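Bear in mind the structure is a predicted one, so any value in this text is a computation, not a measurement.
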Amino acid sequence: MVLFVLERLSRLPVDVAWQRLTDWPRHADVVPLTRITVRTPPPTAEGTVFVARSGVGPLAFDDPMEVVVWQPPEEGRAGLCRLVKRGSLVRGWAEIEVHPYDEPHAERGRGDGNHPADCTAASRVLWREELHVRPLPGFCDPPLGWVSRRTFGRAMDGLLRGAPSGR
């Protein structure tokens with residue numbers, strides 16, 4: 001089992017960051033070799049089910065997920081989405097939180113386009129995830145953790161940086 005937490009500061013307003021991070025089909029734009037199929041009608045709510053199909057040919061697998069907590073951000077309150085992974089190969093959960101970040105001495109960004117050095121952050125994003133890949137023994141957890149943090153960190157950055165999809 002792998003547990004990791006990612007944090008990003010973004011100049012995006014909370015509602016925009018939330019929309020980008022919870023636009024499930026857009027995840028396919030930033031996660032290599034992945035397609036997303038939403039199996040329930042919009043809008044997203046508790047009970048929404050979607051499947052990420054990752055890989056190529058016979059090496060592809062489905063990662064079905066269900067939204068079990070859906071609390072979009074409201075005036076002065078953070079947004080929280082909790083997903084449960086219900087696949088035969090990948091199990092676990094993920095949480096996405098988007099908080100307002102308006103402290104008087106807010107940290108400056110990293111200068112990478114998503115966190116420009118000349119812009120104070122407007123939102124703080126947390127992505128927590130617990131993964132268990134069924135056939136992998138425990139000694140594989142450290143490399144799985146490294147790959148997961150890198151993959152999901154890049155996905156977060158891409159979702160927060162990219163233009164809205166219009167989907």
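Linking Ile, Leu, Val, Met, Phe, Trp and Tyr residues whenever their side-chain heavy atoms come within less than 4.5 Å leaves V90 and V49 in two separate clusters. Residues V31 and F152 are members of one and the same hydrophobic cluster, defined by side-chain heavy-atom contacts under 4.5 angstrom among Ile, Leu, Val, Met, Phe, Trp and Tyr.
With sequence neighbours excluded, the residues satisfying side chain to side chain donor-acceptor pair (under 3.5 Å) with D62 are R53. Qualifying side chain to side chain donor-acceptor pair (under 3.5 Å) partners for T34, counting only residues two or more places apart in sequence or in other chains: S54. Applying the side chain to side chain contact (heavy atoms under 4.5 Å, CB included) rule to P13 yields the partners D15, V16; only residues at least two apart in sequence or on another chain are considered.
Here L33 sits in one hydrophobic cluster together with V56; the rule is ILVMFWY side chains under 4.5 Å apart, joined directly or through other members. In the hydrophobic clustering (ILVMFWY side chains linked at under 4.5 Å, chained through shared members), V69 is joined by V68, L80, V84. Applying the under-4.5 Å side-chain rule to Ile, Leu, Val, Met, Phe, Trp and Tyr, the cluster around W146 extends to V147.
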Counting only pairs under 3.5 Å, give me each side-chain donor-acceptor contact of residues 133-140, with atom names and distances, residues two or more places apart or in other chains.
none

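Within the structure, ring pair (Phe, Tyr, Trp, His ring centres under 6.0 Å) contacts touching residues 40-99 (residues at least two apart or in different chains) are W18-W70, W24-F50. Pairs of residues two or more places apart, or lying in two chains, that qualify as salt bridge (charged side-chain N to carboxylate O under 4.0 Å, His left out) and include a residue from residues 75-89 are D63-K85, E66-R86, E74-R77, R82-E95, K85-E129.
The backbone N or O of S148 sits nowhere less than 3.5 Å from a side-chain atom of T151 that would complete a donor-acceptor pair.
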May I have the step-by-step check of side-chain contact (heavy atoms from CB on, under 4.5 Å) for L126 and R124, ending in yes or no?
CA-CA 7 Å; L126 294 172; R124 177 176 172 249; 3.8 Å; yes

